[in-house]
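The structure appears right after this line, and notes come after that.
Computed from a predicted model, the values in this text were never measured in an experiment.
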Amino acid sequence: QMSADDPRSKRGGHRLYDHSSFPDAAILRVRGKNFMISTSYLALHSAYFYDLFYGPNSKGLNERIELDCDPHTFGDLLDIIYPSYKKRDCCRECTSSSEDRLNLAIELKMKFAIKILLEGDQLASKEDVAVSAKFPDAATVTVEEHDFIVSASALSLHSQTLSDMFYVAGEFEKEIELDVDRRSFRFRATTGNFPAEILSEFLDTLVELDAMNLYDFYICELNKNLRALTRSALCRHATKLLKHYSNQPDLSMKNL
């Protein structure tokens with residue numbers, strides 16, 4: 001789990017991620033304020049950004065890219081979608097209002113941010129964006145002889161282990177192989193898409209790949225979903241599983 005002393009655990013941490021080796025890195029200018037971002041990561045989070053960066057009318061990543069919106073509100077949205085902010089309390093220290101964040105998230109079609117701001121309300125956008133061959137960081141991950149097309153930058157933001165595999169001595173490796181259970185490799189999890197089935201192998205793989213922010217997020221989501229269930233045999237079994245993986249004696253612990 002990320003230490004409280006780690007600068008990425010604090011608000012504004014998205015700016016501290018090193019994008020320099022990412023082939024899809026670009027500067028997004030928002031009313032005079034610059035944001036270094038992964039274009040593929042934003043595109044996976046939002047059909048708006050997919051069209052902006054890779055759509056038929058896109059001017060390319062080498063051209064100046066600008067947004068006409070409040071930079072503080074936009075920065076708060078980045079805080080929500082970047083890995084260290086995949087938590088239910090991610091907006092506690094935001095400088096913009098909740099209403100402004102939600103309105104901008106809807107305007108920019110940022111589906112994960114909408115989900116968080118609506119606290120899981122089903123009105124959140126269900127539109128999904130897939131990895132495109134247009135992505136400069138598109139790569140192939142082979143797991144048990146099955147190939148997955150992924151965004152190397154999205155995975156690298158979540159896992160230093162994968163970052164070290166994709167970017168070796170400044171070179172981008174477009175093909176890597178992972179020795180993990182195929183069912184547990186869920187690339188869509190990087191954008192907050194909750195898998196239909198949370199298997200123990202999936203949680204184990206997150207730990208194995210050192211994707212602890214993502215692991216913490218799914219433990220939190222499991223806890224939230226369990227509270228909505230009745231006390232069935234399935235609920236009791238799931239509760240035992242959650243207690244085991246969260247290593248907490250009681251589900252009421254605040255850091256779950």
Side-chain angles (χ1 to χ4, degrees), residues 6-86 90-91 93-96 100-101 103-114 116 129-139 150-160 162-164 166-174 190-192 213:
D6 191 309
R8 289 177 298 173
S9 69
K10 298 177 174 61
R11 183 185 172 278
H14 66 274
R15 298 178 183 87
L16 300 178
Y17 280 88
D18 184 8
H19 297 75
S20 60
S21 60
F22 292 178
D24 65 312
I27 294 178
L28 187 59
R29 192 166 179 81
V30 183
R31 290 184 183 172
K33 189 174 182 62
N34 292 335
F35 293 87
M36 176 64 74
I37 47 92
S38 160
T39 54
S40 296
Y41 190 58
L42 262 65
L44 289 170
H45 274 277
S46 160
Y48 175 93
F49 284 112
Y50 181 92
D51 290 338
L52 180 66
F53 300 136
Y54 303 116
N57 298 319
S58 172
K59 297 179 181 180
L61 303 185
N62 294 326
E63 296 295 322
R64 185 166 179 165
I65 307 172
E66 297 191 21
L67 279 184
D68 184 19
C69 63
D70 178 65
H72 296 291
T73 305
F74 181 72
D76 287 339
L77 290 181
L78 287 184
D79 285 352
I80 292 175
I81 69 171
Y82 264 68
S84 55
Y85 297 95
K86 283 187 166 49
C90 59
C91 299
E93 298 182 10
C94 289
T95 58
S96 60
D100 286 345
R101 291 193 298 275
N103 288 337
L104 183 58
I106 293 173
E107 179 183 345
L108 299 180
K109 301 180 181 179
M110 300 175 73
K111 56 185 183 298
F112 177 79
I114 296 171
I116 292 296
V129 179
V131 175
S132 168
K134 297 179 181 179
F135 288 10
D137 64 320
V150 303
S151 160
S153 296
L155 288 176
S156 297
L157 285 170
H158 287 81
S159 165
Q160 185 61 49
L162 291 176
S163 180
D164 292 342
F166 280 122
Y167 303 106
V168 181
E171 297 293 326
F172 175 36
E173 299 291 332
K174 293 188 176 183
T190 61
T191 53
N213 288 307

Query raised in the report: Has the side chain of Y41 got a donor or acceptor atom that lies under 3.5 Å from a matching backbone atom of I81?
Result: yes
Query raised in the report: Hey, does the side chain of S156 reach the backbone of A152 with a donor-acceptor pair shorter than 3.5 angstrom?
Result: yes
Show the nearest heavy-atom pair for residues [X] and [Y], with the distance to one decimal.
X	Y	answer
S46	K111	N-NZ, 4.2 Å
I80	F112	O-CE2, 3.6 Å
P71	K33	CB-CD, 3.8 Å

Does a donor on one side chain and an acceptor on the other come within less than 3.5 Å for [X] and [Y]?
X	Y	value
E107	N103	no
T39	Y54	yes
D76	S96	yes

Rounded distance [0.5 Å steps], [atom1] in [X] versus [atom2] in [Y]:
X	Y	atom1	atom2	value
L28	L52	CG	CG	7.0 Å
L77	I116	CG	CD1	12.0 Å
S132	L44	OG	CG	9.5 Å

**Report entry** Any residue meeting salt bridge (charged side-chain N to carboxylate O under 4.0 Å, His left out) with E66, in chain and number order, not counting sequence neighbours
**Finding:** R64
Requested in this report: State which residues pass salt bridge (charged side-chain N to carboxylate O under 4.0 Å, His left out) with R31; sequence neighbours excluded, sorted by chain then number.
Outcome: D68
Would you mind reporting whether [Y] and [X] have side-chain heavy atoms less than 4.5 Å apart?
X	Y	result
L42	L78	yes
D70	L104	no
F49	I65	no
N57	D51	no

Parallel, tilted or perpendicular: which one describes the rings of [X] and [Y], with boundaries at 30° and 60°?
X	Y	result
F166	F172	tilted
F22	H19	perpendicular
F135	Y50	tilted
F74	F35	perpendicular

Requested in this report: Take D137 and Y167 through the test side chain to side chain contact (heavy atoms under 4.5 Å, CB included) and record every step on the way to the result.
Outcome: CA-CA 11 Å; D137 64 320; Y167 303 106; 4.3 Å; yes
Requested in this report: With sequence neighbours excluded, tell me which residues meet ring pair (Phe, Tyr, Trp, His ring centres under 6.0 Å) with Y48.
Outcome: none
